[in-house]
Structure formats: structure tokens, C-alpha cells
There are 2 protein chains.
Amino acid sequence: MTKSFDEYKDRLKEIVKSKGLKYSTQREEILKVLYNSNKHLSPEEIYNEVKKINPSIGLATVYRALSFLENEGLVNSISFGAEGKKYELNRGSHHDHMICLNCGKIIEFYDEELERLQEKIAKKHRFKLITHELNMYGLCEDCTKEES
Amino acid sequence: MTKSFDEYKDRLKEIVKSKGLKYSTQREEILKVLYNSNKHLSPEEIYNEVKKINPSIGLATVYRALSFLENEGLVNSISFGAEGKKYELNRGSHHDHMICLNCGKIIEFYDEELERLQEKIAKKHRFKLITHELNMYGLCEDCTKEES
DNA sequence: TTATGTGCAAACTCTTTGCATTACC
DNA sequence: GGTAATGCAAAGAGTTTGCACATAA
């Protein structure tokens, strides 16, 4: 089952309150854009989306809000080679990514065995694993066909 | 057994020749810096190292050479979250990385099972895997002790 | 000789920061 | 009313590009 936007909004309110900070509609709007997107968005893309709701928002606010939201764990970022950072809403489920080198499509996946194996590898090196990022690059189904 | 620098140098000469390009000492010097380093270096760090050998080299040359060397497969880059791209000599063996969030140490590792598992996952999604990058973030042995 | 590679500086892109103003508590 | 957050513009950091000159083939 998928969470409603209000649940994320409430979580944001909680965080803001617990830190003695002030609530702002801008942060909420940015969160909403990420909620409504099923893709990973760059700061610039997020900025353009939010402007549709709130034309007077500034790019700096987007950057500041994204750092804030990421620090608070509401949002995750993934960084592709040269293309820079992209953001997605943290929907509570960890996953990794396959990235098509031809069309840029991103396939998210989660594999239990993969998670366990990483823990095992970390342990072998006496490394305390906190998080990880796995990006698999190649060709998606459509682009494989296209190639032939 | 570990390859001598001349082997990398010869490979560079081969590539340059086969493409009808011209050999330059700058590219060789940059390759040498990477050969002598056991760490991942940023373009800036590489620039500073090369300047010790060749004080008149320009930063732009370093960037151009790194792109070239990476395209030709002599060098690999890995991109950490915000810290940008770092480069290492491609010593022929694929590996992944564990990055200590406390001291920044990078542990390289290779795990056969992990490679196989990724192939399996890719196949399940009809994805043609070409390459991948796995970064595991956490605490290295020393920093785990320090924490207690 | 001729085209590639280089060094320098300027241009560009992406991100952060300072500051006056706005808006939440 | 006091302080955090915003919007704007300017500053920074990192990287790329244009151009004249140097250099390998």
C-alpha cells in the first residue's frame, strides 16, 4: 500500500516542530513535486516543476530545501557519473538502480539476497555497513532490441 | 603480480598510434601519477602531483587527458556523492568500494558471488548489464573502535 | 609541413552564500 | 516581536572551450 501525501507532510511538520524551526509552504511544495514524480529529478527539474505551483520560488530555496529534506531522511539522492545529483522521495523502501545507457531509463529494484550478501562482505572486512548505492549500467529491454 | 609502468605506457602508445594521434609527455605524466598512487585522486589532486614533475602543465590538460584516458579504458572514475569524480588507474581488475564516512578511507574489494548475483538480477529484468558501480558507506574498522 | 596537443584565460554550469524582506510561531 | 525561511543577486567551485603557440609525426 502506498502512503498518502499527507503522511509525508505530517512527517515534515513533526521534524520541523521537533527542531524548533518554522514551517514553510515552499518545503512542502518541493516535497509534493517529489511525491508526484515517479522519476529521479535534478534540482533544476524540481525547480521547474515547483514553479508551476509557486512561480515566485527561488532556485536557492530548492537547493536549501533538498539538503534539509535529505538530512532529515525524507528524500534520497543518487548521483550518476557526470550528470550530478538527482533526488527522489524516500518512500521507505530501499532499492538500487539499473540505468539504461541508451535511453536513460531508470529501473528500480530490490533484492534481498543482494542486501544479505553485502552485509556478509562488509563483515569480512570488519566494515560497519550503514548504507550503499548500487548502480548497474547497461541496456534496458527496449534498447537491447533496438540494437539488433 | 603487478604490472610495470612501462606496460601502461606501451598501451598508451598503442592507443595513440592506432588512432593516428600524437604522443604527449603530459598524458604520460598524468598516467604516471595515477600509477604511483594507491588512492583515488581528484582532478585537482592529480594536477598538483603532476606539477611536481612538470610545473608548466595546465589544469585543462589534466581534464582533457583524464577524459581521454577514461574513454580509452586506461583509467576509471568513481563519483562519490558530493565530492565529485575521482580517478584511479585501471589495473585490470574490476572492484567495488567501501567508503568510511568518518575518515574517508576507501577499501577496494572484489567478490565473485556479488558479480554473479548482479548478472542474475539483470537477467530477471531483461537488462543487459555492461558495468556497475557499488559504493558501500559505513565505518571502517578503526573508526568503529573509535566510536565506542 | 601539418594537424594534434598544450597552456592560458575566459566562459559556463552548478551550487552556495550574504543580505534585505517575508512569514511563521 | 523575534527568528527562521525566502528570493534575489553575487560569489564560488569545478569543468569546459576558444585560440594562439608548441610539438610530434
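All values reported here derive from a predicted model rather than from experimental measurement. Proteins come first, then strands; the chains are lettered A, B, ... in the order of their sequence lines, and each starts at number 1.
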When the distance from [atom1] of [X] to [atom2] of [N] is rounded to whole Å, what number comes out?
X: A:N48; N: C:dC14; atom1: CG; atom2: P; result: 12 Å
X: A:K51; N: D:dG7; atom1: NZ; atom2: P; result: 11 Å
X: B:E45; N: D:dG14; atom1: CD; atom2: C1'; result: 14 Å
X: B:E28; N: D:dT23; atom1: CD; atom2: P; result: 16 Å
X: B:L59; N: D:dT16; atom1: CG; atom2: P; result: 10 Å
X: B:L66; N: D:dG14; atom1: CG; atom2: P; result: 15 Å
X: A:K86; N: C:dT15; atom1: NZ; atom2: C1'; result: 17 Å
X: B:Y47; N: D:dT16; atom1: OH; atom2: C1'; result: 15 Å

Point to revise | Residue whose nearest DNA chain C nucleotide is more 5′ - A:A60 or A:E44 | key: A:E44
Point to revise | Pairwise 5' ranking along DNA chain C for A:P43 and A:T25, keeping only the more 5' one | key: A:P43
Interatomic distance, [X] atom [atom1] to [Y] atom [atom2] [nearest 0.5 angstrom]:
X: A:R64; Y: A:L59; atom1: CZ; atom2: CG; result: 10.0 Å
X: B:N54; Y: B:K32; atom1: CG; atom2: NZ; result: 13.5 Å
X: A:M98; Y: B:Q118; atom1: CE; atom2: CD; result: 9.0 Å

Exercise for review: List in chain and number order the residues that pass side chain to side chain donor-acceptor pair (under 3.5 Å) with A:R11, two or more places apart in sequence or in another chain; answer none if no residue qualifies.
Suggested key: A:E14
Point to revise | Candidate nucleotides C:dG7, D:dG7, D:dT16, ranked by approach to the side chain of A:I57 - the nearest | key: D:dG7
**Study point:** Nucleotide nearest B:R27 when distance is taken to its side chain, options C:dT15, D:dG7, C:dT6
**Key:** C:dT6
Review point. At under 4.0 Å between heavy atoms, what does B:R64 touch on the DNA or RNA strands: base, sugar-phosphate, or nothing?
Key: base
Review point. Which part of the nucleic acid does B:Y23 contact within heavy-atom distance under 4.0 Å: base, sugar-phosphate only, or nothing?
Key: sugar-phosphate
Exercise for review: Evaluate the ring planes of B:H40 and B:H97, with Trp represented by its six-membered ring, and classify them as parallel (under 30°), tilted (30 to 60°) or perpendicular (over 60°).
Suggested key: perpendicular
Check your understanding: When you match B:K22 and A:Q26 each to their closest nucleotide on DNA chain D, which lands nearer the 5' end?
Key -> A:Q26
